[in-house]
Protein chains: 2
Amino acid sequence: MSTKEKLVSRAVELFNENGIEYVGMRELAADLNMRVGNVTYYFPTKDDLVMEIISQLRDLNSKTIGPDCSSIIDFLSMYKQVFHNQYQYRCLLLSFVHLVSRHPLFAGNYFATEAKRREALRSHLASMVKNNYLSTSLIGDKVELVVSHITLISRFWLSEARISYVNWTTEQTIAHYLNLLSDILLPYATDEGKKQVDNFRKELGGDLPKTWK
Amino acid sequence: MSTKEKLVSRAVELFNENGIEYVGMRELAADLNMRVGNVTYYFPTKDDLVMEIISQLRDLNSKTIGPDCSSIIDFLSMYKQVFHNQYQYRCLLLSFVHLVSRHPLFAGNYFATEAKRREALRSHLASMVKNNYLSTSLIGDKVELVVSHITLISRFWLSEARISYVNWTTEQTIAHYLNLLSDILLPYATDEGKKQVDNFRKELGGDLPKTWK
DNA sequence: AAATAAATTAGGACATTGTCCTAATTTAGC
DNA sequence: GCTAAATTAGGACAATGTCCTAATTTATTT
C-alpha cells in the first residue's frame, strides 16, 4: 500500500471516529508517524483529501446501484448495500451539507451524481411497476414524491441516527431505515409486491429495534 | 435592545447567512463595532451563544406545537409554521448534527425536547384518528413508522434543500416538504381525511416547484 | 559506480480561530 | 463625589489549515 493510500485509508478511519472537522492534519500525520508537510505533499489541502474519499464512496455506490432492479426484494437489498457503503464512509454523510454548501467543487461533483441517482431511482420504480410489484397508478407526480422520500431517507439516515439513535447497533439502525424505505413503497405495492415487502421485513425482524420510549 | 440581545440577534442573521462555523467571534464583534473581549463577556464561549439561539427556537416551537390538533388541516398548518420557525433559525438546523454529537450539553437538551416532540406527534395522530380523519388501522408499529417519517422530514428538510434545491424559493421549498408530509399521512387518510389533504395541497399548489429535471 | 534529477520528507512560518486573562473605562449606587 | 460594580478593550495562548524552503531519500542517466 502506497503512502498516499495509507493516508486516505487511515483518514477515513479517523474521520469516521471523530468527524472530519475534529481530526487535524497534524493528528493524522502523527498517527502515521509522519509530519504535516508530508501530508500536504500528497494532499495540498484538507479538501483535496476529502475529495478523494468522496470519489471512493461514489465509485463504491456506482458499483452497487445497478441498472436492473426487477423486484422489490432486489431494490431493498440494493439499498441495504448502499447503506452499508455509506456507513463505511459515514464521516462524509455526516458532513455533507457543510462540504457541499461551502465548496463549489464538492457541489458540482454532487449535483452530477445526484441527478444520475435520481434518474436511476425513477427507472427502478418503473421496472418494479412493469413487473407488477408496484401499482400502475405510480406515475407522474407520485413518482417524484416517492423519489423525494427515498432520497431524503438515504441521505440523512446516518445523521439522524447519530443524534437520535446513538445506542442502536449499526444493524439495528440500518434495519430501521430499510423498514422506512419499504414503508414508502408499500402504499403502491401490488399483492405480489406486498408479499415481497413482508418477506423483506421478516428478514429485518431480528434486527429491528424493539422499544420506542 | 440590550447589548446582549443585539449580539444574539445579529449572530442569528450572520449565522443564517454564512453558517455558524464560518462566522468568527471577531467578525461578529466587528459587525457591531465591538471587540472580541466584549462578546466573550456576555458569552464566554461560542457554544454559549449557540445555546442561547437554540433556546429561542425551542421556545418558538413550543408555542407553535400545541396540544390540540383535531384535523389534518390543523396538523399540516401547524407544521407549516414549524417550518417557518426553523427557517428563521436555519443555521441551527444546518449544524445540528455536529452540535449535538459533539457537545454533551446540546445532546442532553436535544434528547429531552425530542422525546416530547415525538410524544406530542403520537397524540396528534391519535386525535386525528379519533376525529375520523385517519384510519383506525393506524396503531402500534405503524404509528411509530409514521412518526419516524415525519421527524426525519421535519429535521432534515432544510439540510436537503440547502444542497439539492438551492434555486428554489423559501416558499417553494416549504411547500415541497409539506407536500411530502401530507404524503406520509395519505395512506392512512379516511375519505374525509383525503379531502383535507387535497384541500391543503390545492393551497400549496401555487408554491409547489414545477420542474424535476 | 558515480552523478544528476526527481520524488519525498521534514520543519518552520503565517494568518486565523476560539478562549482566556488583565487593565482600562464606563455606569450605577450611596 | 466616591466607591464598587459592570462593561469594554486589548493582548496572549494553543490549535488549526496552508504554504514555503531545505534536507533527505529514491530513481534515472551517463
Side-chain angles (χ1 to χ4, degrees), chain A residues 1-54 91-92 94-107, chain B residues 1-54 91-92 94-107:
Chain A
M1 193 152 57
S2 73
T3 309
K4 192 169 179 175
E5 284 169 334
K6 269 189 283 189
L7 216 39
V8 177
S9 162
R10 189 73 186 121
V12 171
E13 289 178 17
L14 292 177
F15 288 171
N16 278 341
E17 278 177 41
N18 303 102
I20 296 178
E21 39 279 305
Y22 299 106
V23 178
M25 298 294 260
R26 289 167 183 80
E27 192 181 340
L28 171 62
D31 188 275
L32 293 165
N33 274 321
M34 298 168 62
R35 249 50 55 182
V36 210
N38 202 0
V39 176
T40 62
Y41 171 73
Y42 291 102
F43 300 100
T45 75
K46 197 176 181 180
D47 283 342
D48 290 323
L49 176 54
V50 172
M51 187 58 102
E52 172 62 30
I53 300 176
I54 289 182
C91 60
L92 292 181
L94 294 170
S95 298
F96 227 47
V97 179
H98 287 100
L99 295 175
V100 170
S101 59
R102 262 286 149 184
H103 215 79
L105 198 56
F106 293 148
Chain B
M1 193 150 57
S2 73
T3 309
K4 192 169 182 176
E5 284 169 335
K6 268 189 284 188
L7 216 39
V8 177
S9 163
R10 191 72 186 121
V12 171
E13 290 178 15
L14 292 177
F15 287 170
N16 278 340
E17 277 177 43
N18 302 102
I20 295 177
E21 38 279 304
Y22 299 106
V23 178
M25 298 294 260
R26 289 167 184 80
E27 192 182 340
L28 171 62
D31 188 275
L32 294 164
N33 274 322
M34 299 169 63
R35 249 52 56 181
V36 208
N38 201 0
V39 177
T40 63
Y41 171 74
Y42 291 103
F43 300 100
T45 75
K46 196 176 180 180
D47 283 343
D48 290 322
L49 176 55
V50 172
M51 187 58 101
E52 172 62 30
I53 299 175
I54 289 182
C91 59
L92 292 182
L94 293 170
S95 298
F96 226 47
V97 179
H98 288 100
L99 295 176
V100 171
S101 59
R102 264 286 149 185
H103 215 78
L105 198 56
F106 294 148

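In the text below, chain A, chain B and the rest are named by the order of the sequence lines, each starting its count at 1.
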**Student:** Nearest whole Å is fine: how far is dC19(D) C1' from Asp48(A) CG?
**Tutor:**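 Spelled out: CG on Asp48(A) to C1' on dC19(D) is 13 Å.
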**Student:** Any side-chain heavy-atom pair from Met34(B) and Leu7(B) closer than 4.5 angstrom?
**Tutor:**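 The answer is yes, as the side chains (C-beta and beyond) meet within the 4.5 Å cut-off.
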**Student:** Please give, in whole Å, the distance from dA6(C) C1' to Tyr42(A) OH?
**Tutor:**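 Atom-to-atom, Tyr42(A) to dA6(C), this comes out as 13 Å.
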**Student:** Taking the six-membered ring of Phe43(B), is NZ or CZ of Lys4(B) closer than 6.0 Å to its centre and within 45° of its axis?
**Tutor:**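 Cation-pi check for Lys4(B) and Phe43(B): passes.
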**Student:** How are the rings of His98(B) and His98(A) set to each other: parallel, tilted or perpendicular (split at 30° and 60°)?
**Tutor:**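 Taking His98(A) first and then His98(B), their aromatic rings stand perpendicular (interplane angle over 60°).
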**Student:** Just how far, in rounded Å, is C1' of dA14(D) from CD of Glu27(A)?
**Tutor:**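 That distance rounds to 15 Å.
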**Student:** side-chain hydrogen bond (donor to acceptor under 3.5 Å, both in side chains): which pairs involve residues 23-34 of chain A, sequence neighbours left out?
**Tutor:**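 Matches after skipping sequence neighbours: Arg10(A)-Asp31(A).
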**Student:** Using a 4.0 Å heavy-atom cut-off to protein, can you give one letter per nucleotide of nucleotides 10-15 of chain C, 5' to 3': B if the base is in contact, S if only the sugar-phosphate is, - if neither?
**Tutor:** BB-B--
**Student:** For Val23(A), answer base if it contacts any base atom (sugar-phosphate contacts may also be present), sugar-phosphate if it contacts only those atoms, and nothing otherwise; contact means non-hydrogen atoms under 4.0 Å.
**Tutor:**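 Since only primed, P, OP1 and OP2 atoms lie under 4.0 Å of Val23(A), the category is sugar-phosphate.
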**Student:** dT8(C) C1' sits how many Å from Leu32(A) CG, rounded?
**Tutor:**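 The distance from CG of Leu32(A) to C1' of dT8(C) comes to 15 Å, rounded to the nearest Å.
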**Student:** Has Tyr41(A) got a side-chain N or O lying under 4.0 Å from the OP1 or OP2 atom of dT9(C)?
**Tutor:**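 So the side-chain polar atoms of Tyr41(A) never come under 4.0 Å of the phosphate oxygens OP1 or OP2 of dT9(C).
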**Student:** Mark yes or no for whether Ser9(A), through its side chain, and Glu5(A), through its backbone, hold a donor-acceptor pair below 3.5 Å.
**Tutor:**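 Between the backbone of Glu5(A) and the side chain of Ser9(A) there is no qualifying donor-acceptor contact (under 3.5 Å).
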**Student:** From NZ of Lys46(A) over to C1' of dT17(C), roughly how many Å is that when rounded to an integer?
**Tutor:**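 After rounding, the reported distance stands at 13 Å.
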**Student:** OP1 or OP2 of dT16(D) sitting under 4.0 Å from any side-chain N/O of Tyr22(A)?
**Tutor:**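 No, because none of the side-chain N or O atoms of Tyr22(A) sits under 4.0 Å from OP1 or OP2 of dT16(D).
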**Student:** Measure the distance from CE on Met25(A) to C1' on dT18(D) and round it to the nearest whole Å.
**Tutor:**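 Distance, rounded to whole Å: 8 Å.
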**Student:** If we ignore hydrogens and angles and just use 3.5 Å, is the side chain of Asn16(B) paired with the main-chain N or O of Glu13(B) as donor and acceptor?
**Tutor:**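 Checked: no pair found.
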**Student:** Can you tell me the distance, in whole Å, between the CZ atom of Phe43(B) and the P atom of dT17(C)?
**Tutor:**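 About 20 Å, once rounded to whole Å.
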**Student:** My understanding is that only one of Ile20(A), Leu28(A), Leu32(A) makes a side chain to side chain contact (heavy atoms under 4.5 Å, CB included) with Leu14(A); could you say which?
**Tutor:**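 With Leu14(A) as partner, side chain to side chain contact (heavy atoms under 4.5 Å, CB included) holds for just one option, Leu28(A).
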**Student:** Roughly, in whole Å, what's the span from CD in Glu5(B) to P in dT7(D)?
**Tutor:**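 It is 13 Å, rounded to the nearest whole Å.
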